[in-house]
Amino acid sequence: GGGKTTGILMAFVQIAMNQEPDAKGNRKTRFAVVRNTRPQLRDSVIKSVFDWFPPNGSTIVWRETDMILTLHFPLADGTRVYSEFMFRALDTEQDAQRLLSVEFTAVWLSEFREIPLQLLTDALSRTGRYPSAADGGATWHGVLGESNMPVRDSDWYGYMEEERPSYTQVYKQPSGLAPNAENRDNLPADYYEVVMEGTTLPWQQAHVLCEYPDSLEGKAVYGSSFLRSRHVASEPIRATRFESFSPTLLIGVDQGRNPA
């Protein structure tokens, strides 16, 4: 609810408008918009982009087959913006290979904590290649990303906090509960208080408090849901002896979606 997606979208539109025009007065840019899976791309990023730029068949054109949104509109100085947003998922290895075969101005990694860190370097190597040098080259190129907070022992945490390259900048929003929380005017007054109810501390840290949560990898599956007062008997439990009959023993097992 902090407006991360909208903020990144507006940054890309600004990049498109600031691109130096070619000899014909056209400001040409091409962007990749990357999300981990196709359903996430459609249900989240594309819907948010359409809220701001609904296709109209003229200045905003959506090509469903290619999943490309094209913006072309005039500016006050007489130049025109021609910008392509290519929406790409990473469902398969072939998807990643196709992404990295295209020349871009810049790349948008949406919810980057779900994307392998290696893709950042690979994507960066594809930026700055459009428009070509013959048309003046890219005025600005690079990778922008937005995400909820990754866990502390993740590759992304190491990249942003422990071994941050000189060319990388990290911006953190205030906590959703802070007096200076962003985008609260566009949310219900009790939005964060309601969504936090019944959730774990790691979830709250990642989605509301803007803090790096500890990883749960290698920890007991019951985690913080264990309550000694509820799950441990207050006194020794005596075994029941069945001498006159043999009762049926019923066992229920929840194997989840990935049984061992």
Does a donor on one side chain sit under 3.5 Å from an acceptor on the other, for T29 and E84?
no
Keeping the roles fixed (side chain from Q204, backbone from T199), state whether a donor-acceptor pair exists under 3.5 Å.
yes
Report yes or no: do L75 and M10 belong to one cluster of Ile/Leu/Val/Met/Phe/Trp/Tyr joined by side chain heavy-atom distances under 4.5 Å?
yes
Report yes if some heavy atom in the side chain of R63 is under 4.5 Å from a heavy atom in the side chain of T70; otherwise report no.
yes
Using atom types as modelled and distance alone, determine if a side-chain donor or acceptor of D95 lies under 3.5 Å from a backbone N or O of T92.
yes
So do Q118 and D155 actually touch side chain to side chain, heavy atoms under 4.5 Å?
no
Minimum side-chain heavy-atom gap R88-M67 below 4.5 Å:
yes
Flag, side chain of R30 to backbone of E103, donor-acceptor distance under 3.5 Å:
yes
Can you label the angle between the W203 ring and the H207 ring as parallel, tilted or perpendicular, going by 30° and 60°?
parallel
With ring pair (Phe, Tyr, Trp, His ring centres under 6.0 Å) as the rule and sequence neighbours excluded, what pairs involving residues 4-31 come up?
F12-F31, F12-W108, F31-F85
Using side-chain heavy atoms (C-beta onward) and a distance below 4.5 Å, is D51 in contact with F53?
no
Take V102 and R98, measure what side-chain contact (heavy atoms from CB on, under 4.5 Å) needs, and give me the verdict at the end.
CA-CA 7 Å; V102 182; R98 283 192 290 269; over 6 Å; no
Would the distance check show the side chain of R126 and the main-chain N or O of L100 forming a donor-acceptor pair, the cut-off being under 3.5 Å?
yes
Main-chain N/O of G25 paired with R80 side-chain donor or acceptor, under 3.5 Å
no
Same cluster (ILVMFWY, side-chain, under 4.5 Å), W62 and L41:
yes
State, to 0.1 Å, how close P213 and P150 come at their nearest heavy-atom pair, and which atoms those are.
CD-O, 3.4 Å
Is there a path of hydrophobic side-chain contacts, each under 4.5 Å between heavy atoms, that joins Y167 and V170?
yes
Verify side-chain contact (heavy atoms from CB on, under 4.5 Å) between T37 and E114, making sure each step is shown before the conclusion.
CA-CA 10 Å; T37 68; E114 299 175 355; over 6 Å; no
For a 4.5 angstrom cut-off between non-hydrogen side-chain atoms, does Y159 reach T168?
yes
Any side-chain heavy atom of T6 sitting closer than 4.5 Å to one from S48?
no
If you take all heavy atoms of P174 and E182, which pair is closest and at what distance?
CD-OE2, 3.6 Å
To the closest 0.5 Å, what do you measure between CZ (R38) and CG (L90)?
10.0 Å
Can you get from L209 to Y192 by hopping between Ile, Leu, Val, Met, Phe, Trp and Tyr side chains that sit under 4.5 Å apart?
yes
Could you check whether Y212 and W156 have their ring centres less than 6.0 Å apart?
no
Examine L69 and L9 and state if one hydrophobic cluster contains both, with Ile, Leu, Val, Met, Phe, Trp and Tyr joined whenever side-chain heavy atoms are less than 4.5 Å apart.
yes
When rounded to the nearest 0.5 angstrom, what is the spacing between OH in Y130 and CG in D135?
7.5 Å
Distance (rounded to the nearest 0.5 Å) between C210 SG and K172 NZ:
9.5 Å
Quick one: do E111 and R113 satisfy salt bridge (Lys or Arg N to Asp or Glu O under 4.0 Å)? Show the steps, please.
CA-CA 6 Å; E111 198 60 35; R113 68 175 183 172; 2.9 Å; yes
Is there a donor-acceptor pair closer than 3.5 Å between any side-chain N or O of T139 and the backbone N or O of E20?
yes
Indicate the atoms forming the closest heavy-atom contact of Q205 with D214, along with that distance.
OE1-N, 4.2 Å
So Q19 and S83, do their side chains get closer than 4.5 Å, heavy atoms only?
no
Just how far is it from atom NZ of K28 to atom OH of Y82, taken to the nearest 0.5 Å?
10.0 Å
Quick check: do V49 and V33 have side-chain heavy atoms less than 4.5 Å from each other?
no
